[in-house]
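Per chain, numbering begins at 1; letters A, B, ... match sequence-line order.
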There are 2 protein chains.
Amino acid sequence: MSNKDHNSSEQPVPEDACNRLLDAAEKLFCKKGFHAVSVRELTTGAGCNIAAVNYHFGGKEKLYTEMFRRQFETMIQGHLEAIDRVMSEPNPSLEKLLWAVMEPPIRRVMNNETGGKILRLLVREVLDQKIDSEYIARDIKEKLFDRLGQVFMELVSGLPEEKITLIVMSFDGVILHPFLFMEFYQKTIPGLTVEQLIEHMVKFVASAIRGYAKS
Amino acid sequence: MSNKDHNSSEQPVPEDACNRLLDAAEKLFCKKGFHAVSVRELTTGAGCNIAAVNYHFGGKEKLYTEMFRRQFETMIQGHLEAIDRVMSEPNPSLEKLLWAVMEPPIRRVMNNETGGKILRLLVREVLDQKIDSEYIARDIKEKLFDRLGQVFMELVSGLPEEKITLIVMSFDGVILHPFLFMEFYQKTIPGLTVEQLIEHMVKFVASAIRGYAKS
DNA sequence: ATGCATTTCAAACGACTGTTTCAAACAATA
DNA sequence: TATTGTTTGAAACAGTCGTTTGAAATGCAT
């Protein structure tokens, strides 16, 4: 992992083979899934030799796992920071929280930016059961879902504590949907903007949670 | 496709190789995905020779497509019939409708019955983009989602028509979630019953929709 | 039973898979 | 410059993939 080049001007850091492979892995695995991507596809995509995958990562599967782990933790961290940011503001509300949690990832997926397909990756992982799903599940539950349930109860009084986990689950379902079916959204509702979509989701989930509190 | 056997007693119709292959395809493709299942796995699972896949269907891909088409249409039909059943009853309500649409598939997936993994298959298909997703999307939209939006408006007055599609989308997200993460549900909420889960989802979605109507 | 079409079977096909090999190129230290 | 450790390269590896083949088996009407 050397850095002979002085990285003089415009080029935004020429990555080494290791990171180029991780980038190509993210793009290709997210789009086509583990089995549908060959090592040769990865290496030509990353502009390096076939042997690089085994040299740097010890195999195709290890590269996949490493890529997944990084994306996964980035996602969890992003959500947690968004929650903390809202909750430390003067007048936190359920709507502000929902907006803060939903907006960044939705914006990424609608603009086809990097990291916008993490949830697709996660769903694919659950479907394929490649990585030990215990690890993923425990992380999501303990780090993210429990925290979400906690702030929901802080922001909305009267929520039944024993139903909080289910509420967070359904909230997750609402978020997940546009991630999986974004193309469907854009074909079915032409001209749909990020703001319209997020506004709808915030309204939908907020109504659901507040309705839950009243009964 | 002969039927020499008189199908005398207890055996519930010994299927021919064609249908045995379709059954094995449903089970294996749903569980592991297209690329992760080999033709040899399929044929040994169906109890027939390797060549049978190419003889009867013309290849692995054709078998997959045929299996998907059948499962997909079965699902759509089941939902439409549930909707019509509720709407033709004396006092239809939003809650009754939601319950009727959600209960059968959720019960199937929680009891690990056949057909309980259709939605997993559909999501996998969207992720892998193997079948022309135009066809799937158009079918779901025109046959199912439009009908759902229509009955939502009949049952709840004051719903903004331009938001109906988005509402149906989020409703779909809530349904989809336990399909994808049923194991997660059962580990996170031990002793969760079908009734509890459906009751929650009905309450969540009904609150969301009614809250939408009020604003 | 005879002839014909359908279905099954074991075996082999070429193509592609992930991985390994080992020599060449490179970087850094002395 | 000589030496060391690290990284890349082209080629080949053994294995599996989906598909094809042609002969054997079967079903069914004549």
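A donor-acceptor contact under 3.5 angstrom links the side chains of A/H200 and B/S170, judged on distance only.
Cation-pi check for B/K117 over B/F29 is not met; the charged atom does not lie both under 6.0 angstrom from the ring centroid and within 45 degrees of its normal. No cation-pi contact links A/K141 to B/F184, judged by a cut-off of 6.0 Å to the six-membered ring centre and 45° from its axis.
Between A/F171 and the choices A/F145, A/F204, A/F152, the ring pair (Phe, Tyr, Trp, His ring centres under 6.0 Å) rule is met once, by A/F152.
Distance, A/D16 CG to C/dC26 P: 17 Å, rounded to whole Å. If you measure from atom NE2 of A/H35 to atom P of C/dG18, you get 9 Å, rounded to the nearest angstrom. Remark: P of C/dT19 and OH of A/Y64 are 15 Å apart, rounded to the nearest angstrom. Whole-Å rounding puts the A/L42 CG to C/dG18 P distance at 8 Å. Whole-Å rounding puts the A/R20 CZ to D/dT7 C1' distance at 12 Å. D/dG18 atom P lies 11 Å from atom CG of B/L63, rounded to whole Å. Counting to the nearest Å, the C1' atom of D/dA14 and the CG atom of A/N54 are 14 Å from each other. Rounded to an integer number of Å, the gap from CD of A/E61 to P of C/dG18 is 11 Å.
The listed nucleotides are D/dT8, C/dT19, C/dT7; the one nearest the side chain of A/R40 is C/dT19. Side-chain proximity of A/A51 to D/dG9, C/dT19, C/dT8: nearest is D/dG9. Residue B/Y55 has its side chain nearest to C/dT6 when only D/dT19, C/dT6, C/dG18 are considered. Closest to the B/I50 side chain, of the nucleotides D/dT19, C/dT6, D/dA10, is D/dT19. Minimum atom distance to the side chain of A/K60 is reached by C/dT19, of the listed D/dG18, C/dT19, D/dT20.
Residue contacts for A/A17: at a heavy-atom cut-off of 4.0 Å it reaches the sugar-phosphate backbone alone, with no base atom in range.
More than 12 non-hydrogen atoms from other residues, nucleotides or ligands lie less than 6.0 angstrom from CD of B/E162.
Contact between the side-chain N/O atoms of B/N49 and the OP1/OP2 oxygens of C/dA10 is found at a separation under 4.0 Å.
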